[in-house]
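The analysis underlying the following values was restricted to heavy atoms, covering all of them including side chains, and did not include hydrogens, waters or symmetry mates. First listed ligand is number 1; within each ligand, the first listed atom is number 1.
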Amino acid sequence: MTRPLLMIPGPVEFNDDVLAAMALPTASHVDPAFIAIFGQALADLRALFLADDSYQPLILAGSGTLAMDTAVANLVEAGDRVLVVDTGYFSQRLAAICRRYGGVVDLLSAAPGDTITPSQVADQLQQAAYGLVTITHVDTSTGVLTDVAGISAAAKAAGALVIVDGVCAAAGEEMRQQAWGVDVYFTASQKAIGVPPGLALLLASPAALGKWRARRTPVASYYSDWGEWLPIMAAYEGRRPAYFATPAVNLIVALNVSIHRILAEGMEKVFARHRLLGDAVKAGIAAMGLGQVPTHPAHAAHTLTCPRYPAGVDAGVLAHIRAAGAILAGGLHPAIRNEYFRIGHMGAVTANDVLATLAATERGLRQAGYAVEPGLALAATQGVLVGES
Ligand code: PMP
């Protein structure tokens with residue numbers, strides 16, 4: 001009998017109070033009690049992303065890809081020049097969405113595992129009049145963490161708006177939307193936000209709203225159009241009933257529980273906890289002699305780890321690790337898909353979950369024929385957790 005931990009880079013393990021909230025009887029979307037919950041969740045999004053009341057929150061029923069689609073559909077018009085900072089599979093998805101809405105896209109592409117620096121972006125911004133820069137804060141296909149503060153500053157200096165995909169970063173990696181000059185930051189519920197899949201969360205700056213208001217053409221997506229949603233979000237924040245499309249009531253009730261927990265801990269502590277767990281996992285992986293996809297620790301994410309398979313081991317090891325108690329994910333970046341696997345450690349994941357996952361990984365690797373000394377990874381991970389390495 002196994003009780004495996006879900007340690008993929010989303011969805012992740014969720015807290016019991018969040019799951020229990022999902023099971024409450026479904027309220028009317030215009031029930032005063034639900035209106036208050038939704039209104040609170042919207043306001044709390046500003047506290048999560050560190051921005052003031054001039055920023056506009058949106059919570060929509062849909063996955064992270066809907067959040068991407070919504071940001072782009074409202075801000076990109078035919079002929080707009082977009083610079084996509086490309087650190088992997090999800091950056092390229094943003095590029096594809098920008099093209100779909102008529103954007104003229106240039107990619108500034110890093111090799112898998114590398115990142116793009118603010119000075120590279122500043123140089124490229126000299127080459128054409130870009131109206132928009134997109135950044136993938138953590139590209140889940142490579143485990144690469146990109147310098148959002150530095151690149152946003154470069155974009156601002158060139159007069160471009162900044163959209164950041166924070167799906168694998170929000171409420172995990174350090175992020176200060178207003179201080180860093182990010183115009184639209186978005187995420188989805190199923191990662192560090194700590195709620196089952198199904199919600200797209202976005203926060204838009206006054207400048208992003210200004211760009212949307214100044215559009216020459218209608219938004220091509222009916223469901224994503226801010227013109228439909230802004231009055232709805234304003235109504236919920238003002239505790240008034242409103243309807244455009246039915247909100248995901250149970251998910252929003254659960255979201256409120258999870259956000260409350262995150263804000264009670266405090267964002268600085270949340271960032272520090274993810275740094276510690278991320279460093280602890282990486283120390284354990286390194287102790288077993290495995291390389292990692294990010295080419296330098298300074299740009300490795302803290303929300304997931306992307307270990308390379310050791311010689312003689314392939315994706316077949318994931319079944320052994322699962323049998324040993326941890327569900328991990330295979331590779332995703334097409335250029336290196338069969339060379340690495342992925343461990344998610346964000347949101348409700350605890351230090352003990354991380355230790356159990358490293359233990360399962362050690363046993364799985366031994367089953368696959370890789371002679372790792374038992375306990376080596378655990379000692380290294382525990383060393384980081386107790387602050388001795
Ligand atoms: N961006 C990033 C960085 C992601 O990790 C993901 C999901 N793994 C997405 C976007 C897309 O989100 P979803 O699968 O919820 O549509």
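Grouped with Val144 in a hydrophobic cluster is no other residue, since no side-chain heavy-atom contact under 4.5 Å to another Ile, Leu, Val, Met, Phe, Trp or Tyr is found.
Taking the six-membered ring for Trp and the full ring otherwise, the centers of Phe34 and His29 sit at least 6.0 Å from each other. No close placement of the Tyr309 and Tyr340 rings is indicated, their centers lying 6.0 Å or farther apart.
A donor-acceptor contact under 3.5 angstrom links the side chains of Arg93 and Tyr89, judged on distance only.
For residues 152-168, the side chain to side chain donor-acceptor pair (under 3.5 Å) pairs, not counting sequence neighbours, are Lys156-Asp183.
Listed by chain and residue number, Asn15, Val257, Arg261 satisfy the side chain to side chain contact (heavy atoms under 4.5 Å, CB included) test with Asp17 (two or more places apart in sequence, or in another chain).
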Ligand 1: which protein N/O atoms lie under 3.5 Å from its N/O atoms?
from     : atom 1 : to     : atom 2 : distance (Å)
ligand 1 : 1 (N)  : Asp165 : OD1    : 3.4
ligand 1 : 1 (N)  : Asp165 : OD2    : 2.6
ligand 1 : 5 (O)  : Thr140 : OG1    : 2.3
ligand 1 : 5 (O)  : Lys191 : NZ     : 3.0
ligand 1 : 8 (N)  : Lys191 : NZ     : 2.7
ligand 1 : 15 (O) : Gly64  : N      : 2.8
ligand 1 : 15 (O) : Gln190 : NE2    : 2.8
ligand 1 : 16 (O) : Ser63  : OG     : 2.6
ligand 1 : 16 (O) : Gly64  : N      : 3.3
ligand 1 : 16 (O) : Thr65  : N      : 2.8
ligand 1 : 16 (O) : Thr65  : OG1    : 2.6

